[in-house]
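Protein chains get the first letters and strands the later ones, always in sequence-line order, with residue 1 at the start of each.
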Amino acid sequence: MIEFKNNLKKQIHELLDSEYPLESIKLEINYTPQMKLGDLALPFPFQLAKIMHRSPRDIAAEIAPKLIALEGINKVDIAGGGFINLYINRDKFFQQKLQTTVKSSLTSEENKIIVEHTSINPNKAAHIGHLRNSCLGDTLARCLKYKGENVEIQNYIDDTGVQVADVVFGFMEIEPKTLEEVKSIPEKFDFYCWDLYTRVADYIEHHPGSKEKKSKILKNIEEGTGVEAKLAQHISQRILKAHLKTMQRLDISYDLQACESSIIRLEFWKLAFQLLKEKKATYFIEEGANKGCWVMKLEDESQQEKILVRSNGIVTYVGKDIAYQLWKFGLLKKDFFYKPFVKQGKKTIWITSSKKTTNFPEFGQGSCVYNIIDIRQSYPQKIVIQGLRSLKFVEQAEKSTHFSYEMVALSPKSLEELDVNVSEADRDKDFLEISGRKGLGVKADDLLDKLDEKALVEVEKRNPNLSVEKKRRIAQKIACGSVRYFMLKFARSSIIIFDFEDALSFEGETGPYLQYTFVRINSIFRKLEENFGFNQTDLQSLIKSSDIRLEVLPESEYSDFWEIILYVSKLDEEVLHSLNSLEFLHLAKYTFELCQKFNAYYHKYSILSEKNRDIKNIRILTIHFVRNTLKTALDLIGIPRPERM
RNA sequence: GCGCCUGUAGCUCAGUGGAUAGAGUGUCGGUCUCCGGAACCGAAGGCCGCAGGUUCGAAUCCUGCCAGGCGCGCCA
C-alpha cells in the first residue's frame, strides 16, 4: 500500500502543482472512516483553504473532477466539509496483488543497528517485568530485519555489580557454602538464588558488620580476585544460561552477551575518561558536597551535576555505560575479545571476554543504537546520550534511542495468589512494583509453566489422538504466543498491572486467538487438498491465472471481499508506523483485527461447500492472502504458528 | 520543590488535528445438520478528569487547575 499511495501522490503533484500551492502543504492520504465513503481520503483541501482564502468545499469540488485521471482510481467524491475521497479500481488492484511477489516495500536506512535488550542482573530468575523488555526488544529487532536492516542483538550482563555481590554474600555468610557446594546445587539454580537473594537484605540489616563484609566481596568481584570472584563468575554465568533458556521458550535469542566484567578488565573506562577529559566534558570538583569527584554538567540547567567518578576513584555505573555506548558505535579505540557461549540449534551466541581469543565474528561498530530499558532509567540514559554529545559525537547521539516503557506491576489480587507477605503500607495501593530484593514478583518460568499446563488441557480436549510429545509442543507454542501478545498489546506508557486471569486467558484479544485463526485457515487448505485434491500447484496456477472475474460476486460479498483485501494490503504501513513510533501495539492490534475480519468472513462464506467455481476460486485467493499476511505479521510479533492446536 | 508520564464504557485498554470516539472483557440476548465454538452476530453501557484557549475542525495541540504514578544517589 505504501507504494500505491506514493504513486498516487506523485500523480497528484503532476496534475495539480501548476494550479495549486501543493508544495507548501503535507500531502497525506488517509483511509476513509467507512467503506461506503470510498477507500482513500485526501484532506488537503482544508489546508489549501487557509492559503487560498477559499472554502475547502469549493476547492474540493473544483479539484475532484481533475483527479479522475489518476491511475488506479475509478471514482472521486467530495464529502464532509471538503474531503476528496478516492475509490480504488478494485479489479486492477486485486490483479496487481495477485501478480506482485515483492515481499516488502520497505528499505533499509542504516549500516548496522544494535539493539540491546533483556539485560537482567544475573543473580536471580527472570520475572514478568523482564519479559516485557525482551518481547519489545525482540519485536523491534524482527521488524527492523523485515525492513531490511542489519541488526545485532546484545544483552548486557552486569556480572560484577552489587546484586551479584548480594547473592555471593548469601552463599558465603548465610548458607554458608563453598564454591564446590554451590556448583552442586541442582536446578533450578535461578530459582534457588531468587529465594536466597530475598533473604540477604534482611540478614544484612540484622547482622552488624555485614555491610563491611559485602563491600569487601564487591571489591574482590570487581577486581577479579579471591573466591568471591570465582563464585560471582559461576553464579552469573549459570543464571545467564537459565535466562537464555527462559527466553528461548519465547523464541527470543541474541547475538552477543556483553559483560561488565570484560568492560572493567579491558579498562574501557580509561579510554572513555581520557576522551571526556580531552573534550572537557567532565571536570573535577574541588569544593562542596561533591568534592573530589569527576562530574558531568547537565545541559538542563535545573538539574544538578552527575558524578561519573566517585571521590574514592571508582567509576559509577553511568560512567561504564558511556564507555559501552561509545564501543557500540565503534568510537572507542578498543574492542572486546569473544568466545562462543551457548549453541541454540545452529546458532551460536557469543560472549565477551577480557582474555585474548581468536577467530570471532565482528561485533559492535553500529551506526544506530536502541537501548531497551524501562522508563525509570530515563535519567541515566539521558546522561549517556548527552555524554556522546559532549564528546562532539552529535550524529551518534541522535542515533541513540532510549526505547523506554513503563513497568509491569502486580495487582493486589495477583499478590494474594502468589502467597507472599505484603506490608500494611503496601496493601492499600492500587498496584505494587515488582521487587526482586523483596521477592515480590511472578517468575517468568512459573508463568510459562502455568500457560503450558493450561494450553495442554485445551489441546488435549481437541486433539486427543496426537502424540504426547506433539501435544506438548503445541501447548508450548500457545504459551509463547499468549505471553508475547500480552506484552505487546499495551502502549509503552501504560503500566501493566499484572493479573493472572487476564494473562492466562486464551479468548478474545489474545495470542491464542491469532494462532487459532491461522490454524483455521490452514485447516481449510488441508481439507481442500483432502476433499478436492486441490494442492499447492493448483493454488499457484490459480494465482497466476488471469481468469478472475470479480463481477461474479454478489454485491454484499463483493464489498466484504474488498474490505479484507484492502486491510491485508496495509501490513507494510503498519510495520513502518510501529517502527516510527516504537509502539508495536499497532502491529499487534492490526494482526488481531485482521483475524477478526477473517473470522467474520469465515462464518459468512463457506469455501469447501461453495458450488460456483468462480466464487470458490475468489474465496480461496482471498484466504490465501489473509494467510500470507497473517504469517508475516505473526512472525514479526514473534507468535509461533502451530499447524494444529 | 523541579522534571517526565498518565487520567476515555462497570473493568483492562486502543485511538496518526479530520467525518457518527472504538476493541477486548464482563452483563443480557442470539447463531450450531458448522470449512475447528479458543468462533460468530446483536443489545445495553461515554459531560474522553475539570476550566479556558488555538483551529474550518480538538480525546489529540497550548495554558491553568484537580487526581495518581515515576524520576531527580559518591546504588545499579
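- Between A:R376 and A:E433 there is a salt bridge, with a side-chain nitrogen of the basic residue lying less than 4.0 Å from a carboxylate oxygen of the acidic one.
- No donor-acceptor contact under 3.5 Å links the side chain of A:S493 to the base of B:C5.
- One atom, CD1 of A:I25, and another, P of B:U55, lie 20 Å apart when rounded to the nearest Å.
- For the pair A:K489 NZ and B:A23 C1', the computed distance is 10 Å after rounding to whole Å.
- A distance of 12.0 Å separates NZ in A:K5 from CG in A:D572, rounded to the nearest 0.5 Å.
- Protein atom CD1 of A:I375 is 12 Å distant from nucleotide atom P of B:C4, rounded to whole Å.
- Across B:U60 and B:G7, the matching C1' atoms stand 14 Å from one another, rounded to whole Å.
- A:D158 and A:Q163 form no side-chain donor-acceptor contact under 3.5 Å, judged by distance and modelled atom types alone.
- Remark: the A:E583 side chain and the A:Y405 side chain contain no N/O donor-acceptor pair separated by less than 3.5 Å.
- The same atom, P, is picked in B:G3 and in B:U54; the two are 26 Å apart, to the nearest Å.
- Looking at A:K461 and A:E458, a side-chain N of the basic residue comes within less than 4.0 Å of a carboxylate O on the acidic one, giving a salt bridge.
- Of the candidate nucleotides B:A76, B:C41, B:C72, B:A76 has the atom nearest to the side chain of A:R310.
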Checklist line | Secondary structure of RNA chain B in dot-bracket form (Watson-Crick or G-U wobble, distances below 3.5 Å, | marking inter-strand pairs) | finding: (((((((..((((....[...)))).(((((.......))))).....(((((..]....))))))))))))....

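- Heavy-atom distances under 4.0 Å link RNA chain B to A:F431 of residues 429-437 of chain A, given in residue order.
- When the C1' atom is used for both B:C13 and B:U8, the distance is 9 Å, rounded to whole Å.
- Using atom P as the reference point in both B:U25 and B:U55, the two lie 43 Å apart (nearest Å).
- In the model, A:T32 has no side-chain atom that pairs as donor or acceptor with a side-chain atom of A:D39 under 3.5 Å.
- For B:A19, the base has a donor-acceptor partner in the side chain of A:N85 [N/O atoms by modelled type, under 3.5 angstrom].
- Going from the C1' atom of B:A44 to that of B:C11 covers 16 Å, rounded to whole Å.
- With 3.5 Å as the limit, one finds a donor-acceptor pair spanning the side chains of A:E509 and A:Y485.
- Relative to the side chain of A:N599, the nucleotides B:C40, B:C56, B:U20 differ in distance, and B:C40 lies closest.
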Margin query: Return a single string for nucleotides 27-38 of chain B, one symbol per nucleotide in 5' to 3' order, where B is base contact, S is sugar-phosphate-only contact and - is none, cutoff 4.0 angstrom on heavy atoms.
Written below: --------BBSB

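- Nearest to the side-chain atoms of A:T32 among the listed nucleotides B:A76, B:U12, B:A19 stands B:A19.
- Ranking B:A19, B:U16, B:C72 by closeness to the A:Y379 side chain, first place goes to B:C72.
- A distance of 6.0 Å or more separates the ring centres of A:Y513 and A:F506.
- In this structure, A:K597 does not pair ionically with A:D560, as no charged nitrogen and carboxylate oxygen lie closer than 4.0 Å.
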